[in-house]
Amino acid sequence: MNGFEDRFITVPATMLPEELRRALLGEFATRQGYDSADTGEGERGWVDELEAQLSRGELLIIHDLLTETTEVMTPEQRRRFIRRFDELDDDQPG
């Protein structure tokens, strides 16, 4: 495997079972430091908002085929990640 597109895939939200998708979004909210008190509904409120952002394309689900891990990120976070990945890949011999 070499290159970002060979290793990472964008997973359509509709391909994931709801429980898994909501767990990923809950992890994203926690990692981003969302305050669960802001919505009045706790984490569920943020996950509902993140579901809406996901459906609008404001969030992406990215799966790493090498490590078999899945992350939620914004399109901007994905662009920065690709740049860092490409820089690291350029440093590798071969």
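Along the sequence shown, residues carry numbers from 1. This one's a predicted model, so the numbers in the text were calculated from it and none came from an experiment.
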* Which pair of heavy atoms, one from Ile61 and one from Ala13, lies closest together, and at what distance? -> CD1-CA, 4.1 Å
* Structure fact -> For Arg56, the salt bridge (charged side-chain N to carboxylate O under 4.0 Å, His left out) test, sequence neighbours excluded, returns Glu49, Glu58
* **Close side-chain approach of Ile62 and Thr70, heavy atoms under 4.5 Å** =>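 Ile62 vs Thr70: side chains apart.
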* Asked: Which atom names give the shortest non-hydrogen contact between Ala29 and Trp46, and what distance separates them?
  ->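 Ala29 and Trp46 have their closest heavy atoms at CB-CB, 4.4 Å.
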* **Inter-residue atom distance Phe4.CZ - Arg83.CZ, 0.5 Å rounding** => 12.0 Å
* Can you name the nearest heavy-atom pair linking Pro75 to Gly57, along with the distance? ->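 Heavy atoms of Pro75 and Gly57 come nearest at CG-O, 3.6 Å.
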* **Non-neighbouring partners of Arg21 that pass salt bridge (charged side-chain N to carboxylate O under 4.0 Å, His left out), sequence neighbours left out** => Glu51
* Identify the heavy atoms of Met73 and Phe28 that sit nearest to each other, and give their distance. =>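 Reported closest heavy-atom pair: CA-CE1, 4.1 Å.
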* So how far is it from Gln53 CD to Thr74 OG1, rounded to the nearest 0.5 Å? ->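 It is 9.5 Å, given to the nearest 0.5 Å.
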* To do: Nearest 0.5 Å please: distance from the CD atom of Glu71 over to the CZ atom of Phe81.
  => 8.5 Å
* Asked: Which atoms form the tightest heavy-atom contact between Leu66 and Asp64, and what is the distance?
  ->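 Distance-wise, the nearest heavy atoms are N-OD1, 2.8 Å.
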* To do: Kindly check if the number of other-residue, nucleotide or ligand heavy atoms within 6.0 Å of CD (Glu76) is above 12?
  => yes
* Find the distance between CD1 (Ile82) and CD (Glu5) and round it off to the nearest 0.5 Å. =>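 Answer for the CD1-CD pair, Ile82 versus Glu5, is 6.0 Å.
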* His63 side chain vs Thr10 backbone, donor-acceptor pair below 3.5 Å ->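 Not at all, since once roles are kept as given, no pair shorter than 3.5 Å links the two residues.
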* Taking the side chain from Arg31 and the backbone from Val72, do they hold a donor-acceptor pair closer than 3.5 Å? -> yes
* Asked: Below 4.0 angstrom, N of the basic side chain to O of the carboxylate: do Arg80 and Glu87 qualify?
  ->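 Salt bridge absent between Arg80 and Glu87.
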* **Arg78 side, atom CZ; Leu59 side, atom CG - distance, nearest 0.5 Å** =>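 Separation between the atoms: 13.5 Å.
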* Sub-4.5 Å side-chain heavy-atom contact between Leu65 and Phe8 -> no
* Asked: Is there side-chain contact between Asp48 and Arg22, with heavy atoms separated by less than 4.5 Å?
  ->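 Yes, side chains in contact.
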* Nearest 0.5 Å, what's the CG-CG distance between Leu54 and Leu60? ->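 CG of Leu60 is found 8.0 Å from CG of Leu54.
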